[in-house]
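Treat the numbers as computed from the prediction; the structure is a model and nothing was measured. Lettering follows sequence order; numbering is per chain, from 1.
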Amino acid sequence: MGLNSGVAGILALFFAVAGCSREDGCEIRTAADLKGRHVAHMSSDFHKRELVALQPDIVFDPYSEYSFAFESLRKGKIAAVSIGDTYADVWTAKYPGEFRVMFAYADDVCCFLLPKNSPLKPKLDAELRKMGAEGTLDAVYHKWVEAAKAGNSLELPRQTAPSGAKELGVACAAISEPWCMVANGEVVGIDMEILTLAANRLGLRLKPKAYSWGGMVDCVNGGRCDVACGGVYTAGGVFPTVDVSEKYADVKMCILVRNEAFGGGAPGLTAFAKSMKASFVRTFVTEDRWKMLADGFVVTLLITFLSALLGTALAFPVWLARTSRVRPIAFCAKAYIAILQGTPVLVLLMVLFYVVFGKADVDALWVAVVGFGLNLSAYAGEMLRSGVDSVPRGQVEAALALGYTPRLAFFRFVLPQAVRTVLPVYRGELIGLLKMTSIVGYIAIGDLTKASDLVRSRTYESFFPIITTAFVYFAASWLLAFAFERFGRRLDPAFGRGRKGGAA
Amino acid sequence: MIAVSHLRKSFGGVAVLKDVNVEIAKGEVVSVVGPSGTGKSTFLRCLNRLETPDGGSILVDGVDVTAPGTDLATVRRKMGMVFQNFNLFGNRDVLGNVTAAQCDVLGVPRDAARRKAMDLLERVGLADRAEALPDELSGGQKQRVAIARALAMDPEILLFDEPTSALDPTMVGEVLAVIKDLAKSRMTMLVVTHEMGFARDVSTRVLYMDDGVVYEEGTPDEIFNRPQKPKTVEFVGRICLKQARDMLRLLREGILSDGRVDEIEAQMLLRLAEPFERFGDAKMNLIVSALRQMLSDGVISETESQQISAILGGV
């Protein structure tokens, strides 16, 4: 899911660029034509079985994000996408002539998700029923779909509850335009407008947070929000751990294919350059999306820096405990290291976010800093141990024999040599940390990767966001490596000898 | 100055020091000799409390350093130590190694520490290597820096723990020369060593340690030429035999290169071999009697000469 989206994106991009195994869509008229063909569906939808009933021999490609399915269909990697008619309408309008809706095969409804037995559910349901009867729901739906077709975004209605009012925490899968997306740094869309209207009537203050699909689901499961949304289709689904609200929209699942008659305009370098320029503008300029990416990068750096500080500071006590002569302490440290080294950081983050700090109102950024800091401390503690062990014991004895205290001997002679020994490994670990922070989007942190996900969900194009993200990570890693090289040279006892020699 | 009585130390149930009793006066140069694994190094390391003794007392200037609550740093400051493996600080250059403890432990200002360090490096002949790193020095140079480092603290006594054992034979001389020089300046020293020549020439007193006790002690002359107790006799004999064989081997490779022994050569060999007769080594006895036989009738036959060469070849 969220974790794999980056990899899936790169792979999709690779295949798109390589242009291999092009799936022809021109002869697809009915479900029977899908026999043996690749059809993308969202890993979260429930309608595979209806499609299988129509044609048992479909090859299903699960996708975690609409933008990847869109890109794959456009590049001919797949023959068709199984998708809600809302998206199909928006895509066909935004890219006129490129796609055709073949047929609809199932009905579904859009609902909000709530934690089990939430007291909010009856109130929200009542408001949704009221808005449905007034025609408000239809009006909101059409307003946003039309805006999305035109490539625009709208403003949400103002919140009327006073700023001190009780908050309504919303976990948003904000990558599903027009239901729920980020525009101008704000979570907007059909879901948000309906929730805003409902919150205004209930006297609540809306507090949305942008998650990935998987993060949104975990969030409502873990009770970290009051309500979750993002164009969630619920018909046919079984939800043992969450409650489902009244529906606020009806949708149809349909099959979307490429329009092979569409030539895509005049081929050639000028057209290519023009399309690149257009997608560059879409990715960076429209709605000041570069700001979102830049902010994301700052968050990535902040998390990396703070967790590096925390992890490095904790390395010392971890090392002390690990080398303690008191057996139980050493055992605990050993277990701590083994557990942290043996579990994926994402799992650690989720445990911290949904279990340890589940009910506490702790900013997700701090949860990430703690998670990565703990993870790094295990590795850095072991590094320190191997570094200290690499300094001959005789040097400590020599220092003691000269009248040093063990502590002073450690800081004057052992630690500097240990640090110098492990510096290259430590540097690699920090660069790994920088890249590893790309998973924090899972707990609703707007880092660089998350920002790139959000931009992609609006532009339906992966090229610029992914290449930009990759380049920024690379550049940051390179700078980090460079800084360490400078620092490492300073630790070399031969550093500055030339100057000293000149003076002598 | 140092009085050790009934010193005991075991490692994991093995008694390394059983009952060591020694007194060392100011200005003495005491060599500690004996077979490997008889507690010589442990004894030294107990003196400056790198090892904690199990029992007994060590009085340094009348203060018992084994008493609980002793300020170890103060004790150690009085005793410089030079290790077998040099143990120079890898993150400091030569000058840094010699100045570090002056600044960190004694609080000497940096400039004064440097001046003193340079004087000491001059004394051990390494002033021109002040900015080298330990890794860039030869073993002998490292050990000389280590001696300078210990001297920088103005210790009342210097402890040497096999200072030449880790050295290439060609570098032993330069280190021993420095130690001899210190002995001349009346520095109090306690030297654990396997260099018998050094122990014989430089020490004022020799301790023969065996089986966790000071088995026999005396002047170098007493220990090396007139050992009294059986184990000392055996130890000194083994060493002398080894030296004699080394000497004979050198002779064989040198003057006997033509494969036969003439009268002058036979007399030289006899003079070398005779003193070792008393240790009862079969081959040495054989050589001595063969040489005597050769020289008694005044005629050296070809056969006799070849016999001697053959015996020498097996030495």
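Contact of B:Leu106 with chain A is not made at all, since no heavy-atom distance falls under 4.5 Å. B:Asn85 does not touch chain A: none of its heavy atoms, backbone or side chain, sits under 4.5 Å away. Neither the backbone nor the side chain of B:Arg49 comes within less than 4.5 Å of any heavy atom in chain A. If you measure heavy-atom distances from B:Ala152 to chain A, you find no contacts under 4.5 Å at all. Interface residue A:Leu400: backbone and side-chain heavy atoms are both found under 4.5 Å from chain B.
Per-residue counts of heavy-atom pairs under 4.5 Å with chain A were compared for B:Val82, B:Leu72, B:Leu88; the largest is that of B:Leu88. Ranked by non-hydrogen atom pairs under 4.5 Å with chain A, the options B:Arg77, B:Met79, B:Met153, B:Arg149 are led by B:Arg149.
Annotation for A:Gly403 and B:Ala73: closest pair O-CB, 3.6 Å, computed over non-hydrogen atoms. The nearest pair of heavy atoms linking B:Ala150 to A:Leu402 is CA-CD2, 4.4 Å. For the pair B:Met81 and A:Ala401, the tightest heavy-atom approach, listed with the atom from each and the gap, is CB-CB, 4.0 Å.
The environment of CD in B:Glu122 is sparse: at most 12 heavy-atom neighbours from other residues, nucleotides or ligands sit within 6.0 Å. Residue A:Phe316 places its CZ atom among more than 12 non-hydrogen atoms of other residues, nucleotides or ligands, all under 6.0 Å distant. Applying the 6.0 Å contact sphere to CZ of B:Phe11 captures more than 12 heavy atoms from other residues, nucleotides or ligands. Other residues, nucleotides and ligands place more than 12 heavy atoms under 6.0 Å from the CZ atom of A:Arg489. Heavy atoms from other residues, nucleotides or ligands lying under 6.0 Å from NZ of B:Lys116 number more than 12.
Atom CD of B:Glu51 and atom CD of A:Glu397 lie 7.0 Å apart (nearest 0.5 Å).
Annotation: side chain of B:Arg92 is in contact with side chain of A:Arg412 (closest heavy-atom distance under 4.5 Å).
Using bins of under 30°, 30° to 60° and over 60° for the plane-to-plane angle, the ring pair B:Phe89/A:Tyr404 lands in the perpendicular bin.
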